[in-house]
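Working notes, beginning with the structure itself.
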2 protein chains.
Amino acid sequence: MANSAKTHDVRQRAQDKRPLDAFDRKILGELAQEAGLSYAELGNRIGLSAPAVHERVKRLRAAGRIRATVAVLDGPATGKPLLAFIHVDTSGWGGTQELLAFSELPEVEEIHSVAGDTCMLLKVRCASSQALEGLLARLYDLPGVKATRSYVVLSSYLERTPQAGVSDTLEQPSSR
Amino acid sequence: MANSAKTHDVRQRAQDKRPLDAFDRKILGELAQEAGLSYAELGNRIGLSAPAVHERVKRLRAAGRIRATVAVLDGPATGKPLLAFIHVDTSGWGGTQELLAFSELPEVEEIHSVAGDTCMLLKVRCASSQALEGLLARLYDLPGVKATRSYVVLSSYLERTPQAGVSDTLEQPSSR
DNA sequence: TGAAAGAGCGAATATCATTCGGAGCAAACG
DNA sequence: CGTTTGCTCCGAATGATATTCGCTCTTTCA
């Protein structure tokens with residue numbers, strides 16, 4: 001009963017759908033900060049009724065704009081006080097795919113391939129410097145891994161998930 | 001009526017409290033993956049009753065082990081398809097504190113000070129390469145910013161919040 | 001050995017999510 | 001220019017779930 005539109009069923013995919021109106025942005029902004037708000041509360045923060053908000057949230061979910069709602073754990077308080085970024089240089093293209101196996105480790109939070117003077121970039125959080133050393137050792141076990149550079153985080157001033165807002169002033173040519 | 005323990009009120013701070021038993025780890029593991037589970041469901045996944053789980057979650061929250069529960073937004077689907085890491089080199093110590101003002105920008109997701117061949121490390125997500133350029137321009141406006149190196153993410157293979165688990169095998173000396 | 005604190009459970013209650021029917025509104029259509 | 005269609009909102013009703021309460025069991029410490 002949901003997909004009642006039989007006008008061709010063009011399958012409007014997440015990206016090319018409606019471009020997010022002001023209400024949606026406000027909803028995303030609030031939920032990115034604090035999911036677990038009641039729909040009623042969320043409703044009168046942005047000026048809508050509870051069912052309306054519920055409908056929109058359900059849509060945002062289905063469209064993939066909200067990927068998940070998760071509990072954000074504290075690294076130190078859960079036994080992993082050491083945060084680090086690791087740049088991995090590989091010779092040729094080998095080793096790139098083998099790196100994905102590291103997704104299994106709970107210490108590894110991010111794996112990106114990047115453009116720049118390095119190939120892959122990892123974000124890891126581990127229990128101790130010994131654990132970090134062990135992780136690096138495993139990295140060098142991979143074929144094709146030529147070098148790594150580690151950036152150990154001394155202090156995190158800001159750490160959050162993607163935000164809803166967009167600064168339009170950044171698109172301006174230049175203010176100087 | 002909550003803080004009824006008047007035995008010195010030693011203020012057991014988040015870190016030095018009880019060291020997380022197996023139930024707590026399982027709870028954190030599930031919630032880091034999917035908050036918004038019902039306590040009943042969460043309960044029989046880990047083998048506890050709903051009120052017991054509720055009690056524990058409340059405690060984990062209060063202890064700061066769960067920092068927040070948030071909706072994870074999709075970058076591209078919310079208008080910011082370009083992810084990048086920026087290394088910032090500053091001359092002297094200046095510019096380090098001024099960088100914190102960038103927390104205001106919704107494009108900036110992380111700001112760390114790191115040990116290594118650079119000073120500060122930013123994770124940013126923006127709408128376009130023009131927006132990234134504008135952001136870099138603002139960085140160079142800061143006094144003391146000497147150089148930046150940007151690593152534009154081509155593909156993200158893994159991106160998640162801190163996980164509950166700890167690999168004990170990493171602490172071993174070396175398997176080779 | 002006994003008292004006290006802590007943590008679990010089942011049942012009861014309060015809160016909230018979710019559904020339903022109807023109304024307002026805009027764009028497409030005759 | 002009027003009508004139709006589709007969309008999204010709202011208020012009320014329903015069902016599910018969070019939260020509380022009283023009790024029991026186990027452990028700890030005197």
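Below, chain A is the first sequence line, B the second, and so on; all start at residue 1.
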Among [options], the nucleotide that comes nearest once only the side chain of [X] is considered:
| X | options | result |
| --- | --- | --- |
| His54(B) | dT20(D), dT19(C), dC9(D) | dT20(D) |
| Lys58(A) | dT19(C), dT19(D), dC9(D) | dT19(C) |
| Ser49(A) | dC9(C), dT18(C), dC10(D) | dC10(D) |
| Ala52(A) | dC10(D), dG8(C), dA11(C) | dC10(D) |
| Pro51(B) | dA17(C), dT17(D), dG10(C) | dG10(C) |
| Arg59(B) | dA17(C), dT8(D), dA7(C) | dA7(C) |

Between [N] ([atom2]) and [X] ([atom1]): distance, integer Å:
| X | N | atom1 | atom2 | value |
| --- | --- | --- | --- | --- |
| Leu37(A) | dA18(D) | CG | C1' | 16 Å |
| Asp21(A) | dC7(D) | CG | C1' | 13 Å |
| Glu55(B) | dG6(C) | CD | C1' | 10 Å |
| Glu41(B) | dA17(C) | CD | C1' | 17 Å |
| Phe23(B) | dG8(C) | CZ | C1' | 10 Å |
| Asn44(A) | dG11(D) | CG | P | 12 Å |
| Tyr39(B) | dT20(D) | OH | C1' | 13 Å |
| Arg56(B) | dA7(C) | CZ | P | 8 Å |

Next item on the list: Go through the steps for Ser128(A) and Glu171(B) under the test side chain to side chain donor-acceptor pair (under 3.5 Å), then give the verdict.
Entry: CA-CA 8 Å; Ser128(A) 63; Glu171(B) 304 255 356; 3.2 Å; yes
Notebook entry, point to check: Looking across every strand, which nucleic acid part, if any, lies under 4.0 Å from Leu42(B) by heavy atom: base, sugar-phosphate, or nothing?
Noted result: nothing
Checklist line | N-O pairing of Arg125(A) and Glu109(A) below 4.0 Å | finding: yes
Margin query: Salt bridge or not between Glu30(A) and Arg45(A)? Use side-chain N to carboxylate O under 4.0 Å.
Written below: yes
Item checked: Exercise: identify the closest heavy-atom pair between Pro106(B) and Gln163(A) -> O-CB, 3.6 Å
Note to self: Distance alone, cut at 3.5 Å: any donor-acceptor contact between the side chains of Thr169(A) and Arg138(B)?
What the structure shows: yes
